[in-house]
Amino acid sequence: MTAEPSAVDDSAADASAGGPSADNAGTVSRLIRAWFVEHGRDLPWRRDGFGAWGILVSEIMLQQTPVARVIPRLEQWLERWPTPEALAAAAPGDAVRAWERLGYPRRALNLHAAATAITHNHGGMVPEDVPSLLALPGIGEYTARAVAAFAYGHRHPVVDTNVRRVIARVVLGQGEAGPPSTRRDLAAMEELLPADPTDAQSTNAATMELGAIVCTARKPLCQECPVRDLCQWRADGYPVYEGKRPAPQKRFEGSDRQVRGLILAELRASDVPVTPEEIVQVWPDSAQRERALDGLLRDGLVVLSGADYELP
DNA sequence: GACGCGTGGCG
DNA sequence: TCGCCAAGCGT
């Protein structure tokens with residue numbers, strides 16, 4: 001729950017005791033927004049009139065994928081499929097092919113399925129409310145709120161990995177965010193959010209941006225941080241994080257993930273169904289190869305065509 | 001809540 | 001070189 005005023009009187013920036021509490025949440029928000037106006041990147045999805053569909057596509061592509069790799073693919077994608085209806089009319093496999101090497105190709109399949117649902121269940125319009133967005137395949141807690149907030153200006157806390165890190169440091173005085181907890185994370189961001197929807201929207205975007213380019217995971221640029229004087233982590237002398245951490249990623253080389261990627265690359269590159277003999281060439285270990293192939297079939301990324309394999 | 005899921009760049 | 005990291009989601 002919000003409940004804190006903060007709208008008036010920014011004179012008492014205080015912060016004498018270190019990190020911000022509800023008292024100066026408004027100051028933190030204001031400082032981050034002011035910094036964002038000055039230093040935020042000019043990204044395609046932030047342009048006026050970019051549209052809810054474009055924003056939705058961008059958010060899906062940005063899931064675990066760096067901005068620099070998304071931008072060119074996004075532009076091509078929207079040129080080819082400028083509306084949900086256009087994408088829904090294509091074969092799912094065309095979406096997987098157009099995804100190219102963005103990674104996590106299930107996102108392409110989910111995006112196609114979401115476009116189909118939007119076309120058939122929402123009159124071709126990207127839904128505005130969080131529950132409807134959450135019901136779409138491939139859209140979870142983060143993406144649903146990001147679309148509602150950034151495409152439609154609704155006032156929701158939007159919490160991604162960057163926001164979690166900023167809150168962990170500035171508010172909680174911890175160097176790392178630890179494992180995510182949707183409930184806690186949304187409540188923490190809600191504390192920072194101004195009552196005005198427009199200010200709330202820019203607070204969401206600005207906090208994400210701050211985490212992306214200043215309050216970074218490694219080597220944060222505290223000298224350039226607009227809230228360095230309010231930061232609890234800094235006030236405490238940058239204590240080393242001792243709490244729980246998410247499980248580390250597993251090695252990619254030799255993993256099932258790699259094999260899946262190689263098989264899918266083979267299918268993307270072929271106009272015709274790929275034979276089992278050709279699949280064998282992709283990876284020598286048969287047990288691992290079969291496991292990867294079964295997984296792809298189960299995920300619907302690959303389908304049978306007689307004895308051969310192809311994209312859906 | 002933990003785990004599996006791609007790919008590439010960077011320190 | 002190699003481990004970490006990058007606007008998460010579904011099971």
Side-chain angles (χ1 to χ4, degrees), chain A residues 36 40-41 43-46 54-74 96 99-111 113-114 133-151 156-166 176-186 189 201 204-213 215-220 241 244-268 288 291-292 294-296 298-302:
Chain A
F36 183 54
R41 291 167 294 180
L43 299 172
W45 43 91
R46 293 182 182 154
I55 288 175
L56 190 156
V57 175
S58 75
E59 292 296 348
I60 301 286
M61 288 186 171
L62 286 163
Q63 290 168 3
Q64 299 283 280
T65 304
V67 166
R69 249 197 298 159
V70 164
I71 290 177
R73 187 71 49 242
L74 175 68
V96 174
W99 200 254
E100 298 189 5
R101 303 184 66 77
L102 265 189
Y104 293 143
R106 286 190 296 200
R107 293 182 292 168
L109 216 49
N110 284 148
L111 182 52
L133 287 161
L134 276 174
L136 297 173
I139 295 191
E141 297 286 358
Y142 163 74
T143 306
R145 288 180 174 76
V147 171
F150 300 141
H156 295 291
V158 179
V159 179
D160 73 337
T161 185
N162 292 306
V163 169
R164 295 190 337 100
R165 186 171 53 249
V166 170
E176 300 175 30
S181 161
T182 301
R183 217 189 176 91
R184 269 207 319 275
D185 297 340
L186 289 174
M189 189 56 182
Q201 177 179 351
N204 280 317
T207 307
M208 289 173 62
E209 188 76 343
L210 187 69
I213 68 186
C215 194
T216 52
R218 290 177 294 187
K219 292 185 43 173
Y241 180 73
K244 291 179 183 169
R245 300 181 186 198
Q249 279 184 29
K250 292 190 170 152
R251 176 178 195 82
F252 179 69
E253 285 297 321
S255 68
D256 287 4
R257 276 170 147 164
Q258 184 183 24
V259 181
R260 286 170 57 110
L262 290 170
I263 291 172
L264 213 52
E266 185 77 18
L267 295 191
R268 275 199 307 262
Q288 194 174 19
R291 198 161 59 237
D294 286 348
L296 289 168
R298 180 168 40 76
D299 290 346
L301 281 163
V302 174

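Just so you know, these numbers come straight off a predicted model, no measurement behind them.
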Would you kindly give the [atom1]-to-[atom2] distance between [X] and [N], to the nearest whole Å?
{"X": "A/R69", "N": "C/dC5", "atom1": "CZ", "atom2": "C1'", "value": "11 Å"}
{"X": "A/D160", "N": "C/dA6", "atom1": "CG", "atom2": "P", "value": "10 Å"}
{"X": "A/Q288", "N": "B/dG4", "atom1": "CD", "atom2": "P", "value": "13 Å"}
{"X": "A/L301", "N": "B/dT7", "atom1": "CG", "atom2": "P", "value": "11 Å"}
{"X": "A/E176", "N": "C/dC5", "atom1": "CD", "atom2": "C1'", "value": "12 Å"}
{"X": "A/R164", "N": "C/dG8", "atom1": "CZ", "atom2": "P", "value": "10 Å"}
{"X": "A/D185", "N": "C/dG8", "atom1": "CG", "atom2": "C1'", "value": "13 Å"}
{"X": "A/K244", "N": "B/dG1", "atom1": "NZ", "atom2": "P", "value": "8 Å"}

**Prompt:** Can you tell me if CZ on A/R41 sees more than 12 non-hydrogen neighbours from other groups inside 6.0 Å?
**Reply:** yes
**Message:** Check this for me: does the side-chain of A/E209 come within 3.5 Å of the base of C/dA7 through a donor and an acceptor?
**Reply:** no
**Message:** Using only modelled atom types and a 3.5 angstrom limit, is any donor from either the side chain of A/T65 or the base of B/dG8 paired with an acceptor on the other?
**Reply:** no
Let's see if you can work this out: which of [options] has an atom nearest to the side-chain heavy atoms of [X]?
{"X": "A/K250", "options": "B/dG4, C/dA7, C/dG3", "value": "B/dG4"}
{"X": "A/Q64", "options": "B/dG4, C/dG8, C/dA6", "value": "C/dG8"}
{"X": "A/A247", "options": "B/dC3, C/dG8, C/dC4", "value": "B/dC3"}
{"X": "A/L43", "options": "C/dG3, C/dA7, B/dT7", "value": "C/dA7"}
{"X": "A/R101", "options": "B/dT7, C/dA7, C/dG3", "value": "B/dT7"}
{"X": "A/T161", "options": "B/dG6, C/dC5, C/dG8", "value": "C/dG8"}

Using OP1 and OP2 only, check whether a side-chain N or O of [X] sits under 4.0 Å from [N].
{"X": "A/R251", "N": "B/dG6", "answer": "no"}
{"X": "A/Q63", "N": "C/dG8", "answer": "no"}
{"X": "A/R260", "N": "B/dG6", "answer": "yes"}

Contact class for [X] vs. all strands (heavy atom < 4.0 Å): base, sugar-phosphate, or nothing?
{"X": "A/I60", "result": "nothing"}
{"X": "A/R298", "result": "nothing"}
{"X": "A/G103", "result": "base"}
{"X": "A/W45", "result": "base"}
{"X": "A/R41", "result": "base"}
{"X": "A/P105", "result": "sugar-phosphate"}
{"X": "A/P137", "result": "sugar-phosphate"}

**Prompt:** Under 3.5 Å, is there a donor-acceptor pair linking the side chains of A/Y142 and A/Q63?
**Reply:** no
**Item:** Side-chain H-bond candidate by donor/acceptor type, A/R165 with A/T216, under 3.5 Å
**Value:** no
**Item:** C1' gap between C/dA7 and B/dA2, integer Å
**Value:** 22 Å
**Item:** Separation of the P atoms in C/dC9 and B/dG8, to the nearest angstrom
**Value:** 23 Å
**Item:** Upstream residue (5' side of DNA chain C) when A/T143 and A/A217 are each assigned their closest nucleotide
**Value:** A/A217
**Asked** Between A/N110 and A/R46, who's closer to the 5' end of DNA chain C by nearest nucleotide?
**Response** A/R46
**Salt bridge present between A/E141 and A/R183 (N-O < 4.0 angstrom)** = no
**Heavy-atom pair with the smallest gap, counting every atom of A/L62 and A/V70** = CD2-CG2, 3.8 Å
**Message:** Using side-chain heavy atoms (C-beta onward) and a distance below 4.5 Å, is A/L111 in contact with A/W99?
**Reply:** yes
**Prompt:** Between A/K219 and A/Q258, which is nearer to the 5' end of DNA chain B once each is assigned its nearest nucleotide?
**Reply:** A/Q258
**Whichever of A/P180 and A/R107 has its nearest DNA chain B nucleotide further upstream toward 5'** = A/P180
**Message:** Testing A/V166, A/D160, A/V163 one by one against A/M189 for a side-chain contact (heavy atoms from CB on, under 4.5 Å), which residue passes?
**Reply:** A/V163
